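Some notes on the structure that comes next.
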Amino acid sequence: MDKKEWLRYFGNAWEMVIDMPLPKKVVHFPNEDTYDLNVLKMLPIAGLAAGLLILIIAKLLGLIHLAAAAVIFAVVMTLLTVIKDSGRSLGCMLSFIELKTEKVSTVAALYNMNSNLKTSQSAVGILTMIMVMVFYMLTYYLMMMYNFSYWMILVLVLNFTIQGTLATLPNVSDKVPLIEAPRHSMIQVWYIAGFISLFILFASPFATFYATVITFAVAYFGAQLLHQFCRQKVGGINTNIISFSGFIFEIVAFLIGIVFLVKP
């Protein structure tokens, strides 16, 4: 596989999960490209690239006054979190919560989630959005203050790997998976994610070790359980469920990071 093919697969993986297009002079690929195992294996690499970009931003901001840098980092990163998928993940979460407050079943709520943020106008939806935004800003602020912005690498690598795993399920509408990959070969993407996770595992003593092991376990077993649930109960997957799942994992991974990496 030559460099152009690798870049094409990377570009496909990037644009599957991030709505910020890569420069066409760097990565060019035709729109009719189908997603296959090669694209699936590139999703952790896309997460690594995005995580490294965030780490570089954090290090550059760290050159100025720490408290000011933490505030800037928190605001910018929270906005980017929403913008990176055009608000789709947050919109799905708000929609799911609103449907559950209306006593809709979990399967029906997953199936009928709306990714459009503008449709969420209930008090529950607005309150949830405010709470999520405050939580993200607090998390990013703590990342800067306690110097664990490297945690974003693991979070995004596993987030994108989870989304890729779910994308191999048949779509609920046409029964065609977003990524066509043999089921027995899907473990390969977790090998890649695990290899990248090893570098985070030993980033600092003990606290990061435990946090990384727990987060990887949550990601892997959570993805397998959700994959089985969607296949058996929902009858497949759609892009909203994929985005929603990655967003929920992000929140859980942030909580684990705060618990283990914020030192009193």
Side-chain angles (χ1 to χ4, degrees), residues 11-22 31 35 39 43 46-47 50 54 74-140 155-156 158-179 222-223 226-227 229-231 233-254:
N12 274 316
W14 180 276
E15 293 202 348
M16 269 190 63
V17 290
I18 299 177
D19 290 350
M20 300 174 186
L22 295 169
N31 292 329
Y35 297 150
V39 174
L43 282 168
I54 293 171
V75 173
V76 171
M77 287 308 306
T78 300
L79 290 174
L80 286 176
T81 297
V82 177
I83 294 171
K84 82 174 189 296
D85 65 354
S86 305
R88 186 169 57 249
S89 299
L90 179 59
C92 288
M93 181 182 183
L94 301 183
S95 178
F96 179 82
I97 291 173
E98 288 175 338
L99 288 168
K100 289 301 294 179
T101 59
E102 296 171 4
K103 301 188 185 305
V104 175
S105 69
T106 300
V107 171
L110 287 171
Y111 191 86
N112 293 290
M113 284 187 299
N114 191 326
S115 62
N116 190 343
L117 274 172
K118 295 180 181 178
T119 63
S120 181
Q121 298 180 347
S122 69
V124 172
I126 293 171
L127 179 61
T128 302
M129 182 167 59
I130 293 172
M131 291 174 62
V132 170
M133 292 297 95
V134 170
F135 171 75
Y136 266 81
M137 283 193 284
L138 175 62
T139 302
Y140 289 128
V155 171
L156 291 177
L158 295 178
N159 178 351
F160 295 173
T161 302
I162 290 170
Q163 293 190 55
T165 300
L166 296 177
T168 60
L169 283 166
N171 191 291
V172 290
S173 58
D174 58 15
K175 302 303 178 184
V176 176
L178 184 60
I179 298 178
L226 188 56
H227 188 280
F229 177 83
C230 289
R231 187 179 70 251
K233 302 294 185 180
V234 184
I237 203 78
N238 59 35
T239 54
N240 286 346
I241 298 175
I242 293 170
S243 298
F244 173 66
S245 302
F247 194 66
I248 294 299
F249 167 76
E250 244 181 37
I251 292 173
V252 173
F254 281 171

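Computed from a predicted structure; not experimentally measured. For the single chain, residues carry numbers from 1 onward in sequence order.
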Legend entry - Test log, rule side chain to side chain contact (heavy atoms under 4.5 Å, CB included), inputs Lys233 and Leu110: CA-CA 11 Å; Lys233 302 294 185 180; Leu110 287 171; over 6 Å; no
Inset, instruction - Kindly indicate, with the supporting measurements, whether the criterion side chain to side chain contact (heavy atoms under 4.5 Å, CB included) is fulfilled by Gln163 and Leu43. - result: CA-CA 9 Å; Gln163 293 190 55; Leu43 282 168; 5.7 Å; no
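- Here the CD-CG distance, from Glu250 to Leu158, works out to 11.0 Å after rounding to the nearest 0.5 Å.
- Contact of the Met16 side chain with the Ile242 side chain is not registered, since no non-hydrogen atoms from C-beta on lie closer than 4.5 Å.
- For the atom pair Ile237 CD1 and Ser245 OG, the distance stands at 6.0 Å (nearest 0.5 Å).
- Atom-to-atom distance recorded for Tyr35:OH and Thr168:OG1 is 15.0 Å, nearest 0.5 angstrom.
- Using cut-offs of 30° and 60° for the angle between ring planes, the Phe254 and Tyr140 rings count as perpendicular.
- One distance of note links CG of Leu226 with CZ of Phe244; it measures 9.0 Å at 0.5 Å rounding.
- Rounded to the nearest 0.5 angstrom, Leu90 CG and Ile83 CD1 are separated by 12.0 Å.
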Inset, instruction - Give the C-alpha distance, both sets of side-chain angles, the deciding distance and a yes or no for side chain to side chain contact (heavy atoms under 4.5 Å, CB included) between Met133 and Val82. - result: CA-CA 9 Å; Met133 292 297 95; Val82 177; 3.7 Å; yes
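- Between Phe247 and Tyr136, the distance from one ring center to the other falls under 6.0 angstrom.
- A donor-acceptor contact shorter than 3.5 Å links the side chain of Trp14 to the backbone of Met20.
- Environment of NZ in Lys175: crowded, with over 12 heavy atoms of neighbouring residues, nucleotides or ligands closer than 6.0 Å.
- Pairing each heavy atom of Ser95 with each of Met113, the nearest pair is OG-CA, 3.5 Å.
- Taking CG from Leu80 and CD1 from Ile54, the interatomic distance works out to 7.5 Å, rounded to the nearest 0.5 Å.
- Nearest approach of Leu156 to Ala50, heavy atoms of both residues: CD1-CB, 3.7 Å.
- Panel note: side chain Asn159, backbone Val155; no donor-acceptor pair is recorded below 3.5 Å.
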Inset, instruction - Evaluate side chain to side chain contact (heavy atoms under 4.5 Å, CB included) for Glu98 paired with Asn114, printing each intermediate quantity in order. - result: CA-CA 10 Å; Glu98 288 175 338; Asn114 191 326; over 6 Å; no
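- No side-chain donor-acceptor contact under 3.5 Å links Lys84 to the backbone of Val17.
- The minimum heavy-atom distance between Thr165 and His227, with the atom names listed, is O-CD2, 3.4 Å.
- Annotation for Leu169 and Cys230: closest pair CD1-CB, 3.7 Å, computed over non-hydrogen atoms.
- Side chain of Ser243 to main chain of Asn240: no donor-acceptor pair is present (N/O by atom type, distance under 3.5 Å, no hydrogens or angles).
- The number of heavy atoms from other shown groups lying within 6.0 Å of NZ (Lys100) is above 12.
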